Amino acid sequence: MSPKSNVLLFGSGGVGTIAALNLEAGGQANVTAVLRSNFAHVQKNGFHIKSCDHGTVTGWKPSKSLYQIHPPLVNSVPDTYGDPTLPAFDFIVCSTKNVPDNPPGLAEQIKPAVTPGHTTIVLLQNGLNIEKPLFAAFPTNPVLSGVSMIGSHEVAHGVIEHDDKDRVLLGPFHNPALDRAVEEAAARKFVDIYSAAGKTDCVFTADVGFSRWRKLVYNSCLNSICAITGLDTGRIRLADGAVDALVRPAMEEIRAAAKAAGYELPPEVVDTMINIDPLTMYLPPSMLNDLRKGNFIEVENILGEPLREGTALGVPMPTLTVLYGICKTIQWRTKEQRGLVQIPPKDNFVKDS
């Protein structure tokens with residue numbers, strides 16, 4: 001048997017925890033998980049997981065990683081780059097929220113664990129152009145696109161509710177500095193180890209641009225509109241006029257931008273994405289969940305990048321322009337609440353009558 005792959009998971013929330021569980025269930029990977037806000041709780045109690053793919057799992061933690069050197073749970077990224085005596089990570093799976101407008105960026109955070117020319121970086125993240133900062137920071141490392149259609153949330157520290165099957169479209173982002181064959185081999189290897197347990201649908205795709213634009217039909221539009229209105233994906237379909245006045249026009253703008261960028265999304269993708277969640281599931285999408293928790297939202301990669309791409313190609317995007325402006329304003333509000341922006345003190349003047 002070939003040795004197990006040494007995998008670092010960066011971001012053990014709803015998506016990342018199920019990814020770690022699935023990787024280890026396949027028996028071809030050992031996982032070291034980087035936890036932050038939930039570290040103390042999970043270190044003591046493990047994860048409690050209710051999963052449509054794996055059943056109920058109580059007190060679960062990743063196993064020790066390759067050579068038993070890295071502990072299974074850490075609260076910072078191991079420094080294999082600075083300490084060559086530590087075993088290199090074969091894959092770093094990134095499933096954190098991607099919020100480039102709130103530094104530090106992802107590349108800076110994972111840099112200590114990236115071995116040049118060896119480590120493959122897997123982005124289980126939403127949005128467009130997310131690979132570009134990684135290409136710049138790690139020009140000799142393959143970067144893979146993972147478009148995940150999972151429904152999984154961390155409802156409390158260490159408590160994961162996974163109620164919609166784990167489905168991943170995975171392929172290489174093409175870095176002009178690397179050999180395509182090397183990138184594709186890395187992607188196919190990850191598909192193999194992720195699929196080994198037979199509990200997920202992980203499919204190789206060479207056309208990562210198409211799969212990303214297709215998911216933006218949901219994320220740029222339904223996700224952001226639910227966040228702005230405070231309505232889940234069931235209630236937004238029940239609300240008077242919301243679909244026809246907001247959701248559908250925004251989705252058609254994404255289709256038009258994708259076409260201008262060279263990706264022909266079929267017209268039926270709009271109805272597919274509007275109805276992809278069962279209505280009476282009343283599912284709060286990720287942006288709405290983030291706002292309810294007081295977290296930052298993925299406004300730049302989900303809204304800003306497709307809007308910039310489309311408008312640069314001459315596509316009118318009035319609905320997305322308004323949605324982006326509102327979401328940027330909401331993001332500013334969160335920054336103010338966290339003390340990250342300074343505003344002038346309030347004047348206690350008396351208004352003339």
Side-chain angles (χ1 to χ4, degrees), residues 2-11 15-16 19-20 22-24 26 28-34 65-66 70 77-82 84 86-96 98 100 105-148 167-196 200-213 215 263 301 305:
S2 60
K4 293 183 179 182
S5 293
N6 195 23
V7 178
L8 181 71
L9 176 77
F10 185 62
V15 175
N22 191 63
L23 283 164
E24 292 208 337
Q28 295 186 19
N30 289 301
V31 179
T32 298
V34 181
S65 60
L66 201 60
H70 302 300
V77 174
D79 189 5
T80 60
Y81 181 82
L86 292 175
F89 287 106
D90 303 308
F91 295 92
I92 299 178
V93 179
C94 304
S95 54
T96 54
N98 200 329
L106 177 64
E108 182 179 347
Q109 293 179 76
I110 67 171
K111 182 178 179 179
V114 178
T115 300
H118 177 82
T119 306
T120 295
I121 301 164
V122 185
L123 300 182
L124 285 182
Q125 296 180 315
N126 292 317
L128 204 63
N129 296 330
I130 61 174
E131 74 282 8
K132 291 183 177 180
L134 283 301
F135 285 178
F138 312 114
T140 63
N141 297 84
V143 181
L144 308 184
S145 165
V147 174
S148 174
R167 294 160 290 169
V168 182
L169 292 171
L170 192 129
F173 288 113
H174 178 53
N175 183 344
L178 295 180
D179 186 338
R180 285 182 183 268
V182 171
E183 296 173 317
E184 181 172 321
R188 291 190 181 277
K189 181 176 181 181
F190 189 80
V191 168
D192 287 344
I193 67 173
Y194 201 80
S195 302
T200 187
D201 295 330
C202 185
V203 179
F204 174 84
T205 177
D207 194 353
V208 300
F210 180 90
S211 57
R212 287 202 163 266
W213 275 104
K215 193 175 182 187
Y263 302 99
N301 290 327
E305 284 299 304

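Quick note: numbers below take in every heavy atom, side chains included, and nothing from hydrogens, waters or symmetry partners. Just so you know, these numbers come straight off a predicted model, no measurement behind them.
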Test Val143 against Phe138 for side-chain contact (heavy atoms from CB on, under 4.5 Å), laying out the working first. CA-CA 9 Å; Val143 181; Phe138 312 114; 5.9 Å; no
For the side chain of [X] and the backbone of [Y], is there at least one donor-acceptor N/O pair under 3.5 Å apart?
| X | Y | result |
| --- | --- | --- |
| Thr140 | Gly117 | yes |
| Ser95 | Gly11 | yes |
| Thr80 | Ala113 | yes |
| Asn141 | Thr115 | yes |
| Glu305 | Gly127 | no |
| Lys4 | Val31 | no |
| Asn30 | Asn6 | no |

Run Ile121 and Phe89 through side-chain contact (heavy atoms from CB on, under 4.5 Å) and show every step you take. CA-CA 10 Å; Ile121 301 164; Phe89 287 106; over 6 Å; no
Show the nearest heavy-atom pair for residues [X] and [Y], with the distance to one decimal.
| X | Y | value |
| --- | --- | --- |
| Ala187 | Pro172 | CB-CD, 3.9 Å |
| Ser5 | Phe91 | OG-CE1, 3.9 Å |
| Cys94 | Gln125 | O-CG, 3.5 Å |
| Ala19 | Leu124 | CB-CD1, 4.1 Å |
| Pro100 | Asn301 | CD-ND2, 3.6 Å |
| Cys202 | Val191 | O-CG1, 3.6 Å |

Side chain to side chain contact (heavy atoms under 4.5 Å, CB included) partner of Leu8, chosen from Val114, Val77, Val93: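 Output: one option passes, namely Val77.
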Of the options Leu106, Val122, Thr32, which is the one that meets Phe10 in a side chain to side chain contact (heavy atoms under 4.5 Å, CB included)?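 Only one option passes, and that is Leu106.
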Separation of [Y] [atom2] from [X] [atom1] (nearest 0.5 Å):
| X | Y | atom1 | atom2 | result |
| --- | --- | --- | --- | --- |
| Asn175 | Lys132 | CG | NZ | 12.0 Å |
| Leu123 | Arg212 | CG | CZ | 7.0 Å |
| Asn98 | Asn126 | CG | CG | 9.0 Å |
| Asn129 | Phe135 | CG | CZ | 10.0 Å |

Give a yes or no on whether Tyr81 atom OH has more than 12 heavy-atom contacts from other residues, nucleotides or ligands under 6.0 Å away.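 No, OH of Tyr81 has 12 or fewer neighbouring heavy atoms, counting only those of other groups under 6.0 Å.
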More than 12 non-hydrogen atoms from neighbouring residues, nucleotides or ligands closer than 6.0 Å to CZ on Arg180, yes or no?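 For Arg180, atom CZ is not crowded (no more than 12 foreign heavy atoms under 6.0 Å).
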Partner residues of Glu131 under the salt bridge (Lys or Arg N to Asp or Glu O under 4.0 Å) criterion, sequence neighbours left out: none
Do [X] and [Y] have side chains that approach each other closer than 4.5 Å (heavy atoms only, starting at C-beta)?
| X | Y | answer |
| --- | --- | --- |
| Val147 | Thr205 | no |
| Asp90 | His118 | yes |
| Leu134 | Phe173 | no |

For the pair Asp79 and Leu86, evaluate side-chain contact (heavy atoms from CB on, under 4.5 Å) and give the outcome as yes or no after the intermediate values. CA-CA 8 Å; Asp79 189 5; Leu86 292 175; 5.6 Å; no
Do the charged groups of Arg188 and Glu184 touch, with an N to O distance under 4.0 Å?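 Looking at Glu184 together with Arg188, the answer is yes, because their closest N to O distance falls below 4.0 Å.
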Determine whether Tyr194 and Leu170 satisfy the following criterion, side-chain contact (heavy atoms from CB on, under 4.5 Å), listing intermediate values before the conclusion. CA-CA 10 Å; Tyr194 201 80; Leu170 192 129; over 6 Å; no
